[in-house]
Protein chains: 2
Amino acid sequence: MNDIKQFLRSNALRPTKQRIVIAGYLFDGTDKHVTAESLSTELAKRKHIISLATIYNTLHDFYENGLLKKLTLSADRVYFDTNTNDHHHFYSEKEQFLIDINKNIKVNGLPKTPKNKKINKIEVIVHLDK
Amino acid sequence: MNDIKQFLRSNALRPTKQRIVIAGYLFDGTDKHVTAESLSTELAKRKHIISLATIYNTLHDFYENGLLKKLTLSADRVYFDTNTNDHHHFYSEKEQFLIDINKNIKVNGLPKTPKNKKINKIEVIVHLDK
DNA sequence: TCAACACTTTAGAATCATTCTAAACTGATA
DNA sequence: TATCAGTTTAGAATGATTCTAAAGTGTTGA
């Protein structure tokens, strides 16, 4: 609890009740993939009712501070990943199935980066099913 | 024109006025990336007013028939690619900048595919900027 | 050639994730 | 503990996409 407060403060985030609850859930040591909706549902199960607006705000605040990765998996919702290490994913849209690929994947044969641009990140999505 | 009709027929698509116009634009020999909105705008410039609903319907019909690839680049709109070969992309969300990587990219070090699943496609997105 | 019908198109409504607004609330600080 | 900037929130707004159901149009068989 106090460590969560410290954790939030050290990321320039005021430790409000809601952020403490959300951070407590997200950063409990196990990697998680969440959407605003799924997070809301999980917290509700634990009797923590937090408005969707706040959930969106908080996910973005955490993302902006590098505490979450944002995943581009499908066009209909945004996923956030508590594993902020360099890694990739298996994804099944049909089954909402998503798992990390933590093994060292190498992408070889990339052409030159376009002029005056720099690479922000390389995202490898292995789509399953069809 | 007649070749476009044949092309549509050979894909089990009734060659309607609208589909002929859309296919004529999309499959003119140069690779294109479009969204429903951008396609609508381009066709309007050419004095072809086609309802958005039809544009969505047609993009999906073409996609279902393998004439287009669907790209998962950002969560706020769907992109379709007329290049249906195996390839990847540089993408800048900020600048709506999108170019093909046709070079042979190799992804090495993939772990075993999850049980009872098979790989549909591997998508590599090189995100630029930040 | 044309009637008949299944397939298409379309305007407008509906949906749904997400963002915005602006008012109430609450950590932090002096 | 008063003050105020930073937060939360309900509800409205937005925007891409899908749905609905009515009107339109290729296609086919005679």
Side-chain angles (χ1 to χ4, degrees), chain A residues 1-2 4-25 33-44 48-65 67-68 70-80 93 96 98, chain B residues 1-2 4-25 33-44 48-65 67-68 70-80 93 96 98:
Chain A
M1 173 69 175
N2 276 319
I4 295 179
K5 284 194 185 182
Q6 278 321 308
F7 171 74
L8 289 169
R9 282 206 189 86
S10 70
N11 281 285
L13 292 165
R14 186 184 288 191
T16 65
K17 289 193 203 72
Q18 296 79 185
R19 283 175 178 165
I20 290 168
V21 166
I22 295 174
Y25 170 73
H33 302 110
V34 303
T35 64
E37 202 59 41
S38 78
L39 178 52
S40 171
T41 302
E42 281 309 310
L43 296 179
H48 291 119
I49 305 304
I50 297 178
S51 79
L52 256 189
T54 297
I55 288 182
Y56 276 103
N57 288 341
T58 304
L59 286 172
H60 283 122
D61 293 342
F62 287 4
Y63 170 68
E64 291 303 332
N65 282 279
L67 305 179
L68 294 173
K70 197 191 282 190
L71 305 182
T72 309
L73 298 174
S74 75
D76 57 354
R77 67 194 6 51
V78 173
Y79 288 82
F80 289 92
E93 182 156 18
Q96 299 272 318
L98 174 60
Chain B
M1 172 69 175
N2 277 320
I4 294 180
K5 284 193 183 182
Q6 277 322 307
F7 171 74
L8 289 169
R9 282 207 189 85
S10 71
N11 282 284
L13 292 165
R14 188 183 286 190
T16 65
K17 288 194 203 69
Q18 295 79 187
R19 284 176 177 163
I20 291 169
V21 166
I22 295 174
Y25 169 72
H33 302 110
V34 302
T35 63
E37 203 60 42
S38 78
L39 177 54
S40 171
T41 303
E42 281 309 309
L43 296 178
H48 290 118
I49 305 304
I50 297 179
S51 79
L52 256 189
T54 296
I55 287 180
Y56 276 102
N57 289 341
T58 304
L59 286 172
H60 282 123
D61 293 341
F62 286 4
Y63 170 68
E64 290 304 330
N65 282 279
L67 305 179
L68 294 172
K70 197 191 282 190
L71 305 182
T72 309
L73 298 174
S74 75
D76 58 353
R77 68 198 358 64
V78 173
Y79 287 82
F80 290 92
E93 183 157 18
Q96 299 271 319
L98 173 60

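Nothing here was measured: the structure is a model prediction, and the numbers come from that model. Every chain is numbered from 1, with letters handed out A, B, ... down the list of sequences.
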Among D:dA16, C:dT10, C:dT18, find the nucleotide with the atom closest to the side chain of B:Q18.
-> C:dT10
Residue whose nearest DNA chain D nucleotide is more 5′ - B:A36 or A:K17 = A:K17
Give, ordered by number, those residues of residues 49-62 of chain A having at least one heavy-atom distance below 4.0 Å to an atom of DNA chain D; if nothing qualifies, reply none.
-> A:I50, A:S51, A:A53, A:T54, A:N57
Mind running side chain to side chain contact (heavy atoms under 4.5 Å, CB included) on A:F80 and A:L39 for me, showing each step along the way?
-> CA-CA 10 Å; A:F80 289 92; A:L39 178 52; over 6 Å; no
d(NZ, A:K5; C1', C:dA28) in whole Å | 12 Å
Have a look at A:R14 and say if it touches a base, only the backbone sugar-phosphate, or nothing, with a 4.0 Å heavy-atom cut-off.
-> base
A:T35 or B:T16: which one's nearest nucleotide on DNA chain C is closer to the 5' end?
-> B:T16
Audit row: A:F62, A:L8, side chain to side chain contact (heavy atoms under 4.5 Å, CB included) steps and yes/no = CA-CA 9 Å; A:F62 287 4; A:L8 289 169; 3.8 Å; yes
OG1-CG distance between B:T54 and B:L59, expressed to the nearest 0.5 angstrom = 10.5 Å
Between B:I20 (CD1) and C:dT9 (P), how many Å, whole number?
-> 10 Å
So, the side chain of B:T41 versus the backbone of B:E37: is there a donor-acceptor pair under 3.5 Å, distance only?
-> yes
Which heavy atom of A:R14 sits nearest a heavy atom of A:R19, and at what distance?
-> O-NH1, 3.0 Å
Spacing between A:L8 atom CG and D:dT7 atom P, to the nearest angstrom = 11 Å
Tell me, with the steps shown, if A:L52 and A:Y56 meet side chain to side chain contact (heavy atoms under 4.5 Å, CB included).
-> CA-CA 6 Å; A:L52 256 189; A:Y56 276 103; 4.0 Å; yes
How long is the line joining NE2 of B:H48 and P of C:dT10, in whole Å?
-> 12 Å
Within this structure, what is the CG-to-C1' distance between A:L43 and D:dT8, rounded to whole angstrom?
-> 15 Å
Protein-nucleotide distance (B:R9, atom CZ; C:dT8, atom C1'), rounded to Å = 15 Å
Backbone of A:I55 reached by a side-chain donor or acceptor of A:T58 within 3.5 Å | no
Among C:dT8, C:dT18, D:dA5, find the nucleotide with the atom closest to the side chain of B:R19.
-> C:dT8
In whole angstrom, give the distance that lies between atom CG of A:L13 and atom P of D:dG6.
-> 13 Å
What integer distance in Å separates B:R77:CZ from C:dA17:P?
-> 18 Å
